[in-house]
Amino acid sequence: MRDSLALHLALFRRQRAQIARVVDGQTASFRAYEARFRRRTSGYRSVTTLPAVYQQVLAADVVYVGDYHTLPLAQETYLALVERARASGRRVIMALECVEGRHQSTVDAWRAGRVTERSLLAKLGHASGSRALLAFARKQKLEVVGIDRRAQGERSLELRDAYAAERIARAARAPDRPLVMVLVGQYHVAPCHLPAQVERALGAETRKGLVVYQNAEGVWWRLAREGRVGAAEAVELADGTLCLMNASPVVCQQSFLDYLEAEAGDEAPLLDRGATERFREMSALIGRLAGVPVGRALDTVDVATAADGDVLERIQRRGRFTQAELTQLRRHILSRESSYIPRARVAYLASLSLNHAAEEAAHFVRHCAVGDAMEAPRGASEAFYARCLEEALGFFGSKLVNPRRTCLGVAEWAQRFGESRGVERQIAAFVLAHKATEAEAPEEAVKLLPLRKDRLFHGVSHALGYLLGDRLYQAFDSGEVAKAEVQTLFRDPFVDPRAAYFTWAERLGV
């Protein structure tokens, strides 16, 4: 297995476990439902082309398109298929899972201009995903049918499929034989799930169905092992269903994790295709405030994301690293933490979060200001405080872009100490101990540093740096710290990082 594929697969497994920890417990019926989908999408029969997919769409009566709700590209791809369907000359109906059937009258009133978009979205309770779909439908004067309903318990998936099937069948059996374009969660479109329910609902009437998955994991990993990911736009599976290949499973997972971060206070996630452009914009913004020219350096920086399968190779090509350093970088990538690697001039965005990108842009600006001093060799305790200061500047820079960003305060760290276990509890303990002693007995605080274990070293310096950076932004925003002082701090090579940390901590009253 190629190193890049092995890294991508390891990241996928790590993120899958992370998602499993935050998703509510799954029922036995859900696990069986998921297993049926995975069995049907474990491989493919042949590679096909997008024009061939479009031809099959035009020949169908009901097209079931699999959705990954938090991935904008999934909805964009659906709309591209709807656009192709309109070329058939038939009436096209958009059947959407993001609209509950009970809100059908509100959707119809909005399409007729009797209800405002704001009122509609408040009713639906959805954000930008449904907004783009509904805006397209209104612009193109297409009928929208809501196909979802609320259901709980062991039979929730079966009940939702049955409800959706009745509404899809009702639309499909119209005398003018419209082309019904369904957008629903990926698991639902397996032929034995929603399509089978629609066939039952149609009864004696026949309508030709077509299933179009997007980025099914089993298919993607097989193509990856064969080295054909970039070359295959679409594939046909053994049962005649199709699968479009436009994003890796890691990117799909990342979109969900980015969504969770946005729910926790981040701004809207960046689009992968716009990550480099936005990174440049934020670097220029932070550079102007810090008094650091970044124009020429921006031409040489490489912005990589989790979607790039060759991240480690790109970093290695752009800087000299020992095998031990590469192992450390690989571990860092798998931890789903963004980073700026000065030696390679690479900004790695583990997430498309605006906060992550802004923080790494601040680190890039800092590198432009001090050059190699950013990676100067230091003793263990000096390296700890240097990292605290670098983390502080990174967090400060991200707050310039997104003032709403928050970090754990001392009270939250105390709560985490009481509730967590293992490494997280140890990090909380070190953070609390350091904060308790740094104001009155700095020398005692230095004795509390976790210098021998990497995870504790990085976790504690990260937390202390965020606390300092958050307070630095508050002081700058209120006028307590002048712009000139911030500019001096960005240009400080931190010859004595321990003294610099305690000076600023005392000054800011962190």
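Neither side chain, Ser248 nor Asn215, offers a donor N or O lying under 3.5 Å from an acceptor on the other. Residues Tyr501 and Glu438 bring a donor and an acceptor atom of their side chains to less than 3.5 Å of each other. With no hydrogens or angles considered, no side-chain donor-acceptor pair links Arg155 and Ser29 at under 3.5 Å. Side-chain polar atoms of Arg21 and Gln18 form no donor-acceptor pair below 3.5 angstrom. If you check the side chains of Asp470 and Gln474, you find a donor sitting under 3.5 Å from an acceptor.
With hydrogens and angles disregarded, no donor-acceptor distance shorter than 3.5 Å links the side chain of Glu390 to the backbone of His363.
With Glu100 as reference, Arg150 is the one residue of Arg160, Arg149, Arg150 to meet the salt bridge (charged side-chain N to carboxylate O under 4.0 Å, His left out) rule.
Annotation: Phe256 is not in aromatic contact with His69 [ring centroid separation under 6.0 Å not met]. Between Tyr385 and His434, a ring centre-to-centre spacing shorter than 6.0 Å is recorded. Ring pair Tyr348/Tyr340: centre-to-centre distance not below 6.0 Å.
Pairs engaging residues 482-491 under the salt bridge (Lys or Arg N to Asp or Glu O under 4.0 Å) rule: Glu485-Arg507 [sequence neighbours left out]. Applying the ring pair (Phe, Tyr, Trp, His ring centres under 6.0 Å) test to pairs two or more places apart or on separate chains, those with a residue in residues 396-430 are Phe396-Phe476.
Side chains of Leu393 and Val365 form no contact here, defined as non-hydrogen atoms less than 4.5 Å apart.
Atom CG of Leu120 is separated from atom CZ of Arg118 by 13.0 Å, given to the nearest 0.5 angstrom.
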